[in-house]
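See structure below.
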Amino acid sequence: MPRMTLDRMLQSQGFGSRKTCRGLIEAGAVKIDGEIIADWRIEIDTDGLEFEVDGQRWAYREHVYLALNKPAGVECSRRPSHHRGVLALLPDNFTLRNVQPVGRLDHDTTGLLLLSDDGAFIHALTHPKRHVPKTYVATIHEAATPELIAKLQAGVRLVDAPDLLRAKARQVSECEIEIVLEQGKYHQVKRMLAAAGSHCVALRRIAIGGLTLESLDLAEGEWCHLDDKQLEKLVQHG
Ligand code: URA
């Protein structure tokens with residue numbers, strides 16, 4: 001059974017340094033099964049553990065795997081410069097446990113963004129060799145044409161890619177194209193559209209692997225924990 005002292009457990013969940021966590025415990029802010037535990041030395045079993053800090057309920061998680069419906073005007077970088085950072089949309093303790101975006105979306109791109117504090121998970125999903133498909137809906141300036149779709153499918157050349165970059169593409173409404181990419185180059189959708197003679201005016205990511213934003217039912221700015229079934233979907237292609 002995974003056991004650890006109460007201060008260590010709280011620290012692992014992002015409630016601050018050991019000193020801060022001991023302070024919280026000694027101040028009576030921490031409850032388990034409705035009972036205040038004021039001794040940080042107590043060893044607890046973390047399996048299925050639920051606890052309260054300052055009246056808020058938490059479940060112990062070794063790692064967190066989150067999905068966010070990213071709004072526009074939010075930066076994915078760790079040190080946002082022009083807009084608010086994406087971590088500001090999550091509880092503070094996720095930042096303290098080093099939750100990071102899995103890859104990046106531009107500040108004006110909306111839709112499905114994953115975040116986690118599991119380095120192996122982040123690496124597995126972002127490694128170019130894994131070819132996890134990402135599905136976007138791009139709104140373009142003019143009506144889409146069969147020629148534009150054909151150009152994206154045949155491949156366009158970008159300065160930082162030696163090979164032609166191809167995308168699965170299909171028109172979904174007059175000015176909207178669904179585009180599926182397996183790489184994640186900087187501004188890739190926008191640059192591919194520009195290279196094909198078009199102009200992207202809005203971009204939304206609607207799926208990663210087989211996990212769709214629609215299935216998560218999140219309003220813009222909302223997030224949720226992903227369960228095992230949803231995590232499996234990430235690596236199901238097509
Ligand atoms: N392609 C882009 O151009 N921007 C994104 O945010 C994601 C993919």
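Every number for a ligand or one of its atoms is a count from 1 in the order of the listing.
Using a 4.0 Å cut-off between charged nitrogen and carboxylate oxygen, Asp228 and Lys233 do not count as a salt-bridge pair.
In the hydrophobic clustering of this structure, Ile25 groups with Leu49; members are Ile, Leu, Val, Met, Phe, Trp, Tyr whose side-chain heavy atoms approach within less than 4.5 Å, directly or through other members.
Contacts between Asp106 and ligand 1 below 4.0 angstrom, taking non-hydrogen atoms only, involve backbone and side chain alike. Neither the backbone nor the side chain of Leu181 comes within contact range of ligand 1; no heavy atom lies under 4.0 Å.
Near His187, meaning under 4.0 Å from one of its heavy atoms, ligand 1 places the atoms 1 (N), 2 (C), 3 (O). Counting the atoms of ligand 1 from 1 in the order shown, those under 4.0 Å from a heavy atom of Thr109 are 4 (N), 5 (C), 6 (O). In the vicinity of Tyr136, heavy-atom distances shorter than 4.0 Å reach the ligand 1 atoms 7 (C), 8 (C).
When only interatomic distances are considered, the shortest N/O to N/O separation between Arg104 and ligand 1 does not fall below 3.5 Å. Considering backbone and side-chain N/O atoms, Leu105 never comes within less than 3.5 Å of an N/O atom of ligand 1.
Distance from atom 1 (N) of ligand 1 to its nearest protein heavy atom, with residue and atom name: Val189 N, 3.1 Å.
Taking the six-membered ring wherever Trp is involved, the centroid distance between the rings of Tyr60 and Phe51 does not fall below 6.0 Å.
In terms of modelled atom types and a separation under 3.5 Å, the side chain of Lys70 and the main chain of Val74 share a donor-acceptor contact.
Ring pair Tyr65/Phe121 is perpendicular by interplanar angle, where above 60° counts as perpendicular and below 30° as parallel.
Other residues, nucleotides and ligands contribute more than 12 heavy atoms inside 6.0 Å of the CZ atom of Arg97.
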